[in-house]
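Worksheet for the structure shown next.
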Amino acid sequence: MLFESTDRYFRKLGLRGRTVMFQLPLSITMLLVTVLVALLHPGFEWPGPFLYSLAAHLVLLTASAVVPWDRLPARAVFVIPFLDCLAIGLSRESGGQHLTALSFLLVFPVVWLAVGLRPGGVAAAVLATVVSVAVPPVLLGTGFTSASSIRMVLLPVILGAIALTAYGVANGIAMQRRLLQQQEADLRDLLAASEDREQLLNTVMDTVSVGVCALDGQGQAVLVNRHLGSRLADAIGSEPTPGNVTDLPVYGVDRKHRLPPERHPRLRAARGEPFTDELIWVGSGTTQRAYSVTCRLTKTSAGGNSGAVLAFTDVTALVTALSAKDEFLANVSHELRTPLTSILGYLDLALDDEGLEPGLEECLTVAQRNARRLLTLVGDLLTIASGSLTIAPRPADLNDVAATSIEAAQPHATAAGITLELESTGPATGRFDPDRLGQAIDNLVSNAIKYTPDGGTVTVRISATGQSLRCEVTDTGIGMTEDDLAQAFTRFFRAANAHSSVIPGAGLGLAITKSIVENHRGTISLSSSRGKGTTAVLTLPDADASLPSPASAR
């Protein structure tokens with residue numbers, strides 16, 4: 001800090017002030033030497049030439065302070081260090097053997113010349129040293145002795161080396177200073193650009209009609225836009241704390257049971273779990289609102305997780321509209337079921353007639369098959385449109401449910417040339433609705449068979465971990481893309497490869513399966529690689545806890 005302050009002060013001085021600052025160390029040292037000689041040698045006789053040399057030093061200091069150097073040529077100031085060398089030589093020569101050490105004072109003007117008078121500063125410093133040794137004996141008439149001859153050789157060599165070193169150090173410092181100045185300018189530019197980008201980011205964050213919350217690696221909120229704060233505050237009737245979103249009443253899709261802490265979007269994001277369009281309900285009563293939450297992880301340059309960004313989209317109006325649409329769809333599907341049942345009944349009666357012609361019987365069989373397929377589709381539509389499932393939890397073993405699904409799917413798998421396998425790590429008991437979960441596993445196994453080519457394998461694995469049950473269905477089929485995975489649970493969605501390969505289906509199986517699992521307060525996820533198969537994982541948390549008695553969960 002002291003050197004930085006001195007450097008800043010020195011740079012503020014004009015040329016006259018800097019000249020005085022360069023001259024002062026020599027003048028002060030010369031004064032100290034004179035005082036010490038007087039104290040240490042009280043009987044020292046002060047020769048006249050020595051006193052004249054002291055006066056020369058005083059004159060040079062005065063000239064440094066009073067001469068308007070700014071008005072003179074830039075190199076004029078270097079006459080001062082050149083004359084300093086001559087004055088030092090006169091002081092040394094006139095002081096006799098007691099003051100031969102004054103030769104060391106040549107370092108001050110030599111360094112001044114070497115550093116300041118560039119280029120040519122080193123040569124000027126050597127020349128000034130030669131003048132300091134050669135001229136005083138001539139002016140004082142003392143003549144050249146062997147000692148002065150040795151000084152005439154050694155001093156220019158030694159001080160020339162010092163001057164060269166000072167010149168190199170000064171050049172290095174100057175280069176380093178220029179580099180630091182350039183880096184400082186670059187940093188200022190980067191800081192300005194960063195501030196501009198931050199301002200742009202803040203503007204974008206506050207412009208989008210989506211609540212955004214950025215989390216750091218520890219799950220703490222580091223950036224929250226105004227839209228998130230205002231919308232969530234309106235939903236719960238009080239201002240939320242940006243860094244503590246878990247204090248808000250957050251519910252699952254059933255709008256009745258609060259999400260467990262480990263399923264809260266913020267905590268899932270803090271664990272490094274990305275997800276897309278997860279529906280949650282915030283608030284209660286008439287202020288309850290629906291949000292579609294998406295999480296994306298942020299990465300470091302090394303590829304590790306450095307945090308996450310959560311986006312909350314208010315979809316209350318959309319959910320309300322979809323509910324109205326689903327109600328309409330349910331009513332239409334219900335109206336279709338009655339005539340379809342009647343059609344199937346009459347087709348069964350017609351096919352029971354033994355006197356049918358072969359051609360007519362074949363036509364009736366085709367009509368019956370398609371009517372049953374249509375009735376199944378109507379049933380799926382009713383299930384998915386109503387958004388409600390009746391579950392009847394009771395003690396059961398997930399192994400038995402999976403075995404029943406495997407047995408039912410075996411003929412279809414055999415006809416398709418696919419091997420079905422069931423693996424289990426032991427008992428998987430809990431309280432759940434085995435009929436509904438059987439329907440979910442049927443859908444997963446049916447999908448796996450449908451999208452697996454001849455010779456492939458479909459494996460169902462059942463396990464129990466603590467209070468959770470897990471069912472994993474893995475196939476070696478055609479797989480799914482990232483875009484397909486993101487929309488797999490969307491109603492009526494079918495992957496592009498399903499359309500291109502003319503694989504039958506209405507795109508409702510996974511949506512129904514997800515509804516069943518969520519009504520058991522469980523989760524379902526998909527992972528897949530194109531051409532390498534797909535894995536569906538169904539998890540039931542708190543499997544041994546008591547579920548509510550049979551009821552409709554919306």
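What you see below is based on every heavy atom in this structure, not just the backbone, and it leaves out hydrogens, waters and symmetry mates.
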Is there side-chain contact between [X] and [Y], with heavy atoms separated by less than 4.5 Å?
X    : Y    : result
I441 : L398 : yes
I524 : T513 : yes
L526 : V537 : no
L420 : I449 : yes
Y251 : L279 : no
P393 : F432 : no
F78  : L113 : yes
N171 : I173 : no

Specify the closest pair of heavy atoms between [X] and [Y], including all atoms of both residues, with the distance to one decimal.
X    : Y    : answer
V67  : R16  : O-NE, 3.4 Å
S528 : M480 : OG-N, 2.7 Å
S463 : A428 : O-CB, 4.4 Å
V445 : A409 : CG1-CB, 3.8 Å
A114 : Y167 : O-CD1, 3.4 Å
P81  : W112 : CB-CE3, 3.6 Å

- Derivation and outcome, side-chain contact (heavy atoms from CB on, under 4.5 Å), residues I516 and Q439: CA-CA 8 Å; I516 293 172; Q439 182 183 357; 3.7 Å; yes

- In chain order, what residues pass the salt bridge (Lys or Arg N to Asp or Glu O under 4.0 Å) check against E278, with sequence neighbours excluded?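 Scan of E278 (salt bridge (Lys or Arg N to Asp or Glu O under 4.0 Å), adjacent residues dropped) gives R268.
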
Any donor-acceptor pair under 3.5 Å linking the side chain of [X] with the backbone of [Y]?
X    : Y    : result
R296 : F275 : yes
T316 : R289 : no
T313 : V315 : no
N443 : L510 : no
T294 : D277 : yes
T19  : S64  : no
D314 : V210 : no
T452 : A448 : yes
H520 : D433 : yes

- Item | Audit row: V309, V212, side-chain contact (heavy atoms from CB on, under 4.5 Å) steps and yes/no | CA-CA 7 Å; V309 177; V212 179; 3.8 Å; yes

- Item | Geometric cation-pi criterion R255 and W281, 6.0 Å radius, 45° cone | yes

- side-chain hydrogen bond (donor to acceptor under 3.5 Å, both in side chains) between Q181 and R178: does it pass, once the steps are laid out? CA-CA 5 Å; Q181 289 174 344; R178 287 193 296 270; over 6 Å; no

- Query: How far apart are the C-alpha atoms of I80 and Q23, what are their side-chain angles, what is the distance that settles it, and do they pass the side-chain contact (heavy atoms from CB on, under 4.5 Å) test?
  - Reply: CA-CA 8 Å; I80 297 295; Q23 184 65 18; 3.3 Å; yes

- Task: Using the side-chain hydrogen bond (donor to acceptor under 3.5 Å, both in side chains) rule, take S306 and T298 through it: C-alpha gap first, then chi angles, then the decisive distance, then the call.
- Result: CA-CA 6 Å; S306 61; T298 55; 3.0 Å; yes

[atom1] of [X] to [atom2] of [Y]: how many Å apart, nearest 0.5 Å?
X    : Y    : atom1 : atom2 : answer
L297 : L215 : CG    : CG    : 10.0 Å
E472 : T539 : CD    : OG1   : 9.0 Å
T474 : E423 : OG1   : CD    : 8.5 Å
L437 : L538 : CG    : CG    : 6.5 Å
R271 : R266 : CZ    : CZ    : 11.0 Å
L15  : L72  : CG    : CG    : 9.0 Å

- Take the angle between the ring planes of F312 and Y291 and call it parallel below 30°, perpendicular above 60°, tilted in between.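 Perpendicular: the ring planes of F312 and Y291 meet at over 60°.
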
- Item | Modelled atom types, side-chain donor and acceptor of D186 and Q182, under 3.5 Å |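 Note: D186 and Q182 side chains meet the donor-acceptor criterion.
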
- For atom NZ of K532, decide whether the heavy atoms of other residues, nucleotides or ligands shown that lie under 6.0 angstrom number more than 12.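 No, not enclosed.
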
- Residues C471, V460; criterion side-chain contact (heavy atoms from CB on, under 4.5 Å); working and verdict: CA-CA 7 Å; C471 174; V460 180; 4.0 Å; yes

- Query: Is it true that E195 and R197 make a salt bridge, defined as a side-chain N closer than 4.0 Å to a carboxylate O?
  - Reply: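 No.
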
